[in-house]
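Working notes, beginning with the structure itself.
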Amino acid sequence: MKITPLIAATLALTTTACTGLTPREVQQSLEGAYDVESRYDMTTIAGMFGGFAGGWARPNQAIHDEIIGAVGLQYGSEVAAGFKSVYGTKLMTDINAHLNEAAPPWVMNLQSSLSGVDKQLKTVDMQANWLFVEKDTGEIEATQIFAGVSVFEDPDCPGSAALLCNQIEVTSAELLDSEYPVQVLSSTYVAKDLGKTMSLESHSLDFSYGRLGLYLLTNLILPDNPTEGVGLRDVVLASINCRGLAGRVGGENGLSVNVAGINVGLSLADLIGNCEDSVFGITTRFVDRFDAPLSMNLAGTGGIVDLNRDGRIDELNAGSVAGELELTTLFNGQTEDGPVDGLFTGFRVGDLD
């Protein structure tokens, strides 16, 4: 074949294209900060809040007993026993009448409200900032700092229609500023870049599951008109209305009952104080049951994606974690344990200097 100038030039260009260019390699890096949403399945400990209802002494009985006790302190145990015999039934009738007429239904039946919280906390979404720092050893130090928690408003809604389900969102600041604070969550562990995926080594995630339930109960379920910083005692006192109850029991002049020739009297202020003291007592005993820390030991994997091929990972997807959890109810030392699993996804939000 005769090689013309055009063929020669074409061969020269082809040879240069095949051998003269060196592919540019981009070093992949996970280092940076990511906003991450994680969802945990807490079915293992479903039902625990229903058991806490036993700590809610019925307010009617507590107020009744507090008033009888006040008579005993002023007039002695024998007079108090006589007062209970003569007037105890009427006293309970008046207390019940007030609570049935003036208080919301949950005051006398907290079980249903606690069951609602329990269902909501079977699926818990946590919002967090994950920070990955590459160490000289080649390992990646990962830190999670949690920004908030979400639960489904309707616990039966999640599933195929989960995107259409309303969620209740609570920030870490709101949990810390509550009457019974929930500690901000954080965790440190080791991650590994495996190319198209990453692994998360075994690590512990701890928070007060019980206090989170108490927050939901107090701020989102019980109050008819919740306000910022509302406390459980405030909710109970407002719902029972001790001033109104005292007026129903004794009238504006207080309570006066003749017991075997002895005039037993309690002023309106005394009756209001008795009612408030009983509310403080039952609330404190009830709250103690929610001191229930949860520890999850987790490990997992997830996909990592460099969307613009600049070497920086932009997206964490299809992430999953699994492990064991242990919950301890401190008021009686009982523990519950079992499996736990979760899913996560995240997006890069900034770069390290």
Any chance you could measure [X], atom [atom1], to [Y], atom [atom2], to the nearest 0.5 Å?
X	Y	atom1	atom2	answer
C242	D277	SG	CG	9.0 Å
Q120	F49	CD	CZ	10.5 Å
I95	R58	CD1	CZ	13.5 Å
L255	N274	CG	CG	10.0 Å
F152	C157	CZ	SG	7.0 Å
I282	L110	CD1	CG	9.5 Å

Going hydrophobic residue to hydrophobic residue with side-chain gaps under 4.5 angstrom, can you get from [X] over to [Y]?
X	Y	answer
M92	L99	no
I272	V257	no
F344	L307	no
L217	F280	yes
M108	V279	yes

Looking at [X] and [Y], what are the two nearest heavy atoms and their distance?
X	Y	result
E276	L237	CG-CD2, 3.8 Å
G323	L298	N-CD2, 4.1 Å
D94	Y87	OD2-OH, 3.9 Å
V151	T123	CG1-O, 4.1 Å
A62	S278	O-CB, 3.7 Å
I240	C275	CG2-SG, 3.9 Å

Looking only at side chains, do [X] and [Y] share a donor and an acceptor under 3.5 Å apart?
X	Y	result
N332	T329	yes
N96	N60	yes
S115	D118	no
S38	D125	no
S208	D291	no
Q127	D35	no
Y34	R348	yes
N129	Q144	no
R211	S178	no
E141	T188	no
N317	T345	no

Note to self: Working note: R248 + E101, criterion side-chain contact (heavy atoms from CB on, under 4.5 Å); need CA distance, chi angles, decisive distance, verdict.
What the structure shows: CA-CA 11 Å; R248 170 68 71 94; E101 293 174 12; 2.6 Å; yes
Next item on the list: Show the numbers, then the answer: is there a side-chain contact (heavy atoms from CB on, under 4.5 Å) between N263 and S256?
Entry: CA-CA 7 Å; N263 185 44; S256 180; 2.8 Å; yes
Can you find a heavy atom in the side chain of [X] that is under 4.5 Å from one in the side chain of [Y]?
X	Y	value
S239	W106	yes
V340	D41	no
L268	D270	no
L212	L121	yes
Q28	I313	yes
V133	I140	no
L131	I145	no
V321	Y40	yes

Note to self: Between D206 and L294, is the side-chain contact (heavy atoms from CB on, under 4.5 Å) condition met? List the steps.
What the structure shows: CA-CA 6 Å; D206 307 309; L294 173 72; over 6 Å; no
Notebook entry, point to check: Given the rule in the side-chain hydrogen bond (donor to acceptor under 3.5 Å, both in side chains) test, do S29 and E134 qualify, once you have shown the distances and angles that lead to the verdict?
Noted result: CA-CA 8 Å; S29 175; E134 296 178 357; 3.0 Å; yes
So, does [X] use its side chain to make a donor-acceptor pair with the main chain of [Y] at under 3.5 Å?
X	Y	answer
T44	P339	yes
S172	F146	yes
D306	G311	yes

Next item on the list: Hey, can you tell me if Y189 and W130 have their rings parallel, tilted or perpendicular (30° and 60° cut-offs)?
Entry: perpendicular
Next item on the list: Indicate yes or no: does R312 engage E31 in a salt bridge with an N to O separation below 4.0 Å.
Entry: no
Margin query: For K192, is there an ion pair with E139 - N to carboxylate O distance below 4.0 angstrom?
Written below: no
Item checked: Listed partners of N241 passing side chain to side chain contact (heavy atoms under 4.5 Å, CB included), at least two apart -> H98, R243
Notebook entry, point to check: M42 and Y209: side-chain contact (heavy atoms from CB on, under 4.5 Å), yes or no, with the steps?
Noted result: CA-CA 10 Å; M42 301 292 191; Y209 185 81; 4.1 Å; yes
Checklist line | Heavy atoms of other groups near N308 CG, more than 12 under 6.0 Å | finding: yes
Please report, to 0.1 Å, the donor-acceptor pairs under 3.5 Å made by any side chain of residues 72-86, with sequence neighbours excluded.
from	atom 1	to	atom 2	distance (Å)
Y75	OH	G265	N	3.1
Y75	OH	G265	O	3.3

Note to self: For F290 together with Y215, are the ring centres under 6.0 Å from each other?
What the structure shows: no
